[in-house]
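So that the names make sense, note that chain A is the first sequence line, chain B the second, and so on, each numbered from 1.
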2 protein chains.
Amino acid sequence: MPEFLADCRARLAFDLLAHTWDGVVLWALRDGPCRPRELRRRVGGISPKVLTGTLHRLRDSGLVSSRRHREAPPRVEYALTPLGRSLLGPLEALGAWAAEHGDEVARAREDACAARLRAGTTPASPAPGRAGRPPSGGRSG
Amino acid sequence: MPEFLADCRARLAFDLLAHTWDGVVLWALRDGPCRPRELRRRVGGISPKVLTGTLHRLRDSGLVSSRRHREAPPRVEYALTPLGRSLLGPLEALGAWAAEHGDEVARAREDACAARLRAGTTPASPAPGRAGRPPSGGRSG
DNA sequence: CAGGATCCCCCAAGATACTG
DNA sequence: CAGTATCTTGGGGGATCCTG
């Protein structure tokens, strides 16, 4: 057992979901095998390149498998491996938590933001923001 | 209910743990209030600046609270809020999963890496890597 | 001792063009 | 239609110095 939390095994799970789309793509595969095109539709807002990268990373971690059909129009299907399916449980727990407490988080963030405005200081932390440009509302058309 | 997973409420939870140290710091606070200095010791490998940033972000999300004692040597204590404590459950689920399946992930990654070497291609995905410089192996003691 | 300010590095992710 | 290569951008994280 590691002395520092940074080396804790739980850290592995965090890193597994570290990239923006990892969790969402995993979740999108819960209903069964899926082609990239369809995945993009389900997820919404993810670029082809990033989807490929995410899928390959998840595959390299053993969470996802891929099947290539050698046809004229390339056809590939991605699916969860048993290992990947076993992660759905914890993911669900996270989702359930968000469903139950999401409002509280949102409210807390608004409060913090308001308080900061009142203080007239610089944000310093855009709250939910992450790297890149999450589609936090980008899809309106 | 959002049509796209990218807008799903679960996404909120993912984003909550999006930053490198969020989960670990949350976990480090599970045993009770703690001062930054002690937190750094427990976590291991986190810089003071980043710890402050992490703490403030978590505070702005309502997961953590802070108490300032106005003394000559500044003294601050951070603690989980009830909301933050409620996240420990899902976090624990994630940790338990990692404890049980971590080896499989590690093995899959090694396999993928080996296969890639055999193919003589460029990595394209450093596997577990993330932004910054995670102490993935810095402290091997 | 807490934490703000600053500088630097690097990678995730977007956009686009091209290949199979 | 799947996947890669290239360029660009934005911000997280590390290190250091400085203030309250």
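- Residue A:Arg35 places its side chain closer to D:dC1 than to any other of D:dC1, C:dC1, D:dG3.
- Side-chain atoms of A:Lys49 come within donor-acceptor range of the base of C:dG14, with a qualifying N/O pair under 3.5 Å.
- Computed from coordinates, the B:Arg59 CZ to C:dA2 C1' distance equals 13 Å when rounded to whole Å.
- Between the C1' atom of C:dG4 and the CG atom of B:Leu55 lies a distance of 15 Å, rounded to the nearest Å.
- Close to D:dC1, at under 4.0 Å from its OP1 or OP2, lies no side-chain N or O of A:Arg75.
- You'll find that the side chain of B:Ser47 is closest to D:dG14, out of D:dG3, C:dA13, D:dG14.
- Taking every side-chain heavy atom of A:Val76 into account, D:dA2 is the closest of D:dA2, C:dA13, C:dC1.
- Under a 3.5 Å cut-off, the side chain of A:Trp97 and the backbone N or O of B:Ser86 do form a donor-acceptor pair.
- Atom CZ of B:Arg41 and atom P of C:dC1 are 14 Å apart (whole Å).
- Nucleic acid contact for B:Pro73: none, since no nucleic acid atom lies under 4.0 Å from a heavy atom of the residue.
- A residue-by-residue look at A:Pro74 and B:Thr52 shows that B:Thr52 has its nearest nucleotide of DNA chain C further toward the 5' end.
- When rounded to the nearest whole Å, the span between CZ of B:Phe14 and P of C:dA13 equals 14 Å.
- Distance, A:Arg57 CZ to D:dG3 C1': 15 Å, rounded to whole Å.
- Panel note: side chain B:Ser66, backbone B:Glu77; no donor-acceptor pair is recorded below 3.5 Å.
- Checking the phosphate oxygens (OP1, OP2) of D:dG12, no side-chain nitrogen or oxygen of B:Thr20 falls inside 4.0 Å.
- Atom CG in B:Leu39 sits about 11 Å away from atom P in C:dG3, given to the nearest Å.
- The B:His19 side chain lies nearest to D:dG12 when the options are C:dG4, D:dG12, D:dC1.
- With salt bridges taken as basic N to acidic carboxylate O contacts below 4.0 Å, one links A:Arg41 and A:Glu38.
- As rounded to whole Å, 12 Å separates atom P of C:dC1 from atom CD of B:Glu38.
- Contacts of A:Arg68 with the nucleic acid, taken as non-hydrogen atoms under 4.0 Å apart, involve only primed sugar atoms and P, OP1 or OP2.
- At a threshold of 4.0 Å, the pair A:Asp15-A:Arg11 counts as salt-bridged, since one of the basic side-chain nitrogens sits closer than that to a carboxylate oxygen.
- Atom C1' of nucleotide D:dG3 and atom CD of A:Glu77 are separated by 17 Å, given to the nearest angstrom.
- Side-chain proximity of B:Trp21 to C:dA2, D:dG14, C:dG14: nearest is D:dG14.
- For B:Arg37, the CZ atom is loosely surrounded, since the number of other residues' heavy atoms within 6.0 Å does not exceed 12.
- Nearest-nucleotide mapping onto DNA chain D: of A:Pro48 and B:Thr54, the residue sitting toward the 5' end is A:Pro48.
- Side-chain atoms of B:Val50 lie closest to D:dG14 of the nucleotides C:dC1, D:dG14, C:dG3.
- Considering only heavy atoms from C-beta on, B:Leu88 comes within 4.5 Å of B:Arg85 through its side chain.
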